[in-house]
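Since the structure comes first, as structure tokens, the remarks are kept for the end.
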Amino acid sequence: MRGAVAVPLAGKLAAVEPGRIAYAAKTTAVDPATAQQLGMVSAAYRRGYQTMPAPALLNAARSHFQLLASLQPERQSGEVQQGLLSQMGQMAALAGAVAFLDLGAREDGKACTATGLQLAKASGDQDLFALCWAGRAFQTAYEGDCEGGMDCSLAAVDHAKGASARMRAWCAAVASEMHASTGDEKNCREFLDNAREHINSPMDDDRWRGIGWFDAAKLDAYEGGDLVRLGQHETALARLATALAHLDPSMRRHRATAHADRADAYTTAGHPEAAIDDAHTSLALLEQVHHDETLRRITVVHARLRPMRLPGTRSLTEHLTDVRHSMETACRSTAWA
């Protein structure tokens, strides 16, 4: 199912060699105003990751990538060329995140992210470089190589030194998660502190190339997730409560993940009924946006709750089954040209 959804996109993206995009149509000069307008569309798709269903967003990223490629950026001049190549890389990075994290099409997601890195190199966009390395950190860690994920996150932090303040903050937060996953509390906290320093600094969001959004509330959610990974569940509960109180309602994927992390913390801390409530809330959000990685986390929580044989466990079983089925159906029904 998931391979069928993402393979056409991954094939088109992975085949691109920056500077060698050939089309039969005559080259048409793209004026800066048009490139800027296209950039607004690219930004809207990236920001739309907060709310849009994964199959539709993947299709949109694919179509926009093809439109940008049809303008033959390698034959444009100066800033227009760099801008178009950067936008293509942004769509590749977005596709990589959606395919891997949301649809579970891991090989295709990695191929898209690799293309994003190629385009970052071609465009010289440091925000895009940092974005793609952070994306690779998640992909590597979620496939079981936590040390490798940490290495990728450190590469993202290095590239972010020349990127926007919000990107520097987000990459530091990603590095904190990677260190928490290896049990390294000291470095985890250092990167959290670094992220807070950057998120409280003056913003230059005209340079932000990130997917979705990152703010102080999302940083609280990262810290809560880090504390869950470090086994500090009671402290995690307080931090995640703060995050959920301030995360914008439009940040549905982020809220779903925070509820899943809190369900995990509640389960370990001996509050199974609260864990069931959070799991239901997370699943309700997943019905709207899809996120395979969060669904996996809820599945783990459900497996830990099942032996308790609580009255609410059966309803959670049914809800989990329904959401899994609806996500699979939505992916299968996506039309691809």
Side-chain angles (χ1 to χ4, degrees), residues 1-13 40-68 87 90-113 116 131 135 138-139 142 209-214 218 221 244 247-261 263 278-299 318-337:
M1 177 274 298
R2 289 162 180 146
V5 169
V7 163
L9 175 63
K12 291 179 183 296
L13 292 180
M40 294 172 64
V41 176
S42 300
Y45 285 146
R46 289 188 287 102
R47 188 69 180 264
Y49 183 74
Q50 296 174 194
T51 303
M52 294 181 186
L57 184 57
L58 186 56
N59 202 8
R62 168 183 180 260
S63 296
H64 196 52
F65 180 97
Q66 292 175 326
L67 172 62
L68 293 163
Q87 290 182 53
Q90 294 166 41
M91 293 303 96
L94 175 59
V98 174
F100 190 100
L101 297 173
D102 298 314
L103 300 178
R106 296 191 165 190
E107 293 304 315
D108 301 296
K110 289 187 290 185
C112 293
T113 301
L131 170 65
F138 285 122
Q139 293 169 352
Y142 291 171
R209 302 288 184 261
I211 294 170
W213 193 238
F214 186 79
K218 181 54 184 168
L244 287 165
L247 278 171
D248 191 275
S250 68
M251 299 175 75
R252 296 175 188 172
R253 279 182 176 82
H254 301 319
R255 294 186 68 85
T257 300
H259 278 291
D261 283 338
D278 262 327
H280 276 301
T281 303
S282 182
L283 288 171
L285 290 165
L286 293 184
E287 289 179 285
Q288 302 172 44
V289 295
H290 309 97
H291 196 266
D292 186 74
E293 178 59 27
T294 299
L295 184 67
R296 183 195 64 78
R297 295 183 194 182
I298 294 296
T299 301
E318 294 174 358
H319 197 179
L320 178 61
T321 301
D322 287 346
V323 172
R324 183 180 291 114
H325 175 71
S326 69
M327 286 175 60
E328 291 174 353
T329 301
C331 293
R332 278 199 302 267
S333 64
T334 303
W336 296 93

In Å, rounded to the nearest 0.5 Å, how long is the span from CG of D292 to OG1 of T299? 8.5 Å
Does the side chain of L94 come within less than 4.5 Å of F65's, by heavy atoms? no
Relative to the ring of H280, is the ring of H319 parallel (under 30°), tilted (30 to 60°) or perpendicular (over 60°)? parallel
Rounded at 0.5 Å granularity, tell me how far OH in Y49 sits from CG in L101. 5.0 Å
Side chain R297, main chain T257, donor-acceptor under 3.5 Å: no
Is any side-chain heavy atom of H64 closer than 4.5 Å to one of L67? yes
Please check if any side-chain donor atom of S250 sits under 3.5 Å from a side-chain acceptor atom of Q50, or the reverse. yes
Provide the closest heavy-atom pair for A54 versus V98 in the form atom of the first, atom of the second, distance. O-CG1, 3.5 Å
In this structure, CE of M327 is separated from CG of D102 (nearest 0.5 Å) by 7.5 Å
Determine the minimum heavy-atom distance between A256 and T294, stating which atoms define it. O-CG2, 3.7 Å
Distance in Å, E107 CD paired with Q139 CD, rounded so as to fall on 0.5 Å steps: 9.5 Å
Can you check whether L320 reaches L295 side chain to side chain, under 4.5 Å on heavy atoms? yes
Please step through side chain to side chain contact (heavy atoms under 4.5 Å, CB included) for the pair H291 and R252, ending with a clear verdict. CA-CA 10 Å; H291 196 266; R252 296 175 188 172; over 6 Å; no
Using a strict threshold of under 4.0 Å (side-chain N to carboxylate O), is an ion pair present between R324 and E328? no
S282 side chain vs A279 backbone, donor-acceptor pair below 3.5 Å: no
Value rounded to 0.5 Å, distance of CZ in F138 from CD in E293: 9.5 Å
Using a 3.5 Å distance criterion without hydrogens, assess whether the side chain of R253 forms a donor-acceptor pair with backbone atoms of V289. yes
Where do R46 and R209 come nearest, in terms of heavy atoms and distance? NH1-C, 3.2 Å
Taking every non-hydrogen atom, the tightest pair across A221 and A258: CB-CB, 4.5 Å
What closest approach, in Å, do P55 and H290 show between heavy atoms, and which atom pair accounts for it? CD-ND1, 3.5 Å
Any side-chain to backbone donor/acceptor pair from R47 onto W213? Under 3.5 Å, distance only. no
One should read off an interatomic distance between M40 CE and S42 OG, to the nearest 0.5 angstrom, of 11.0 Å
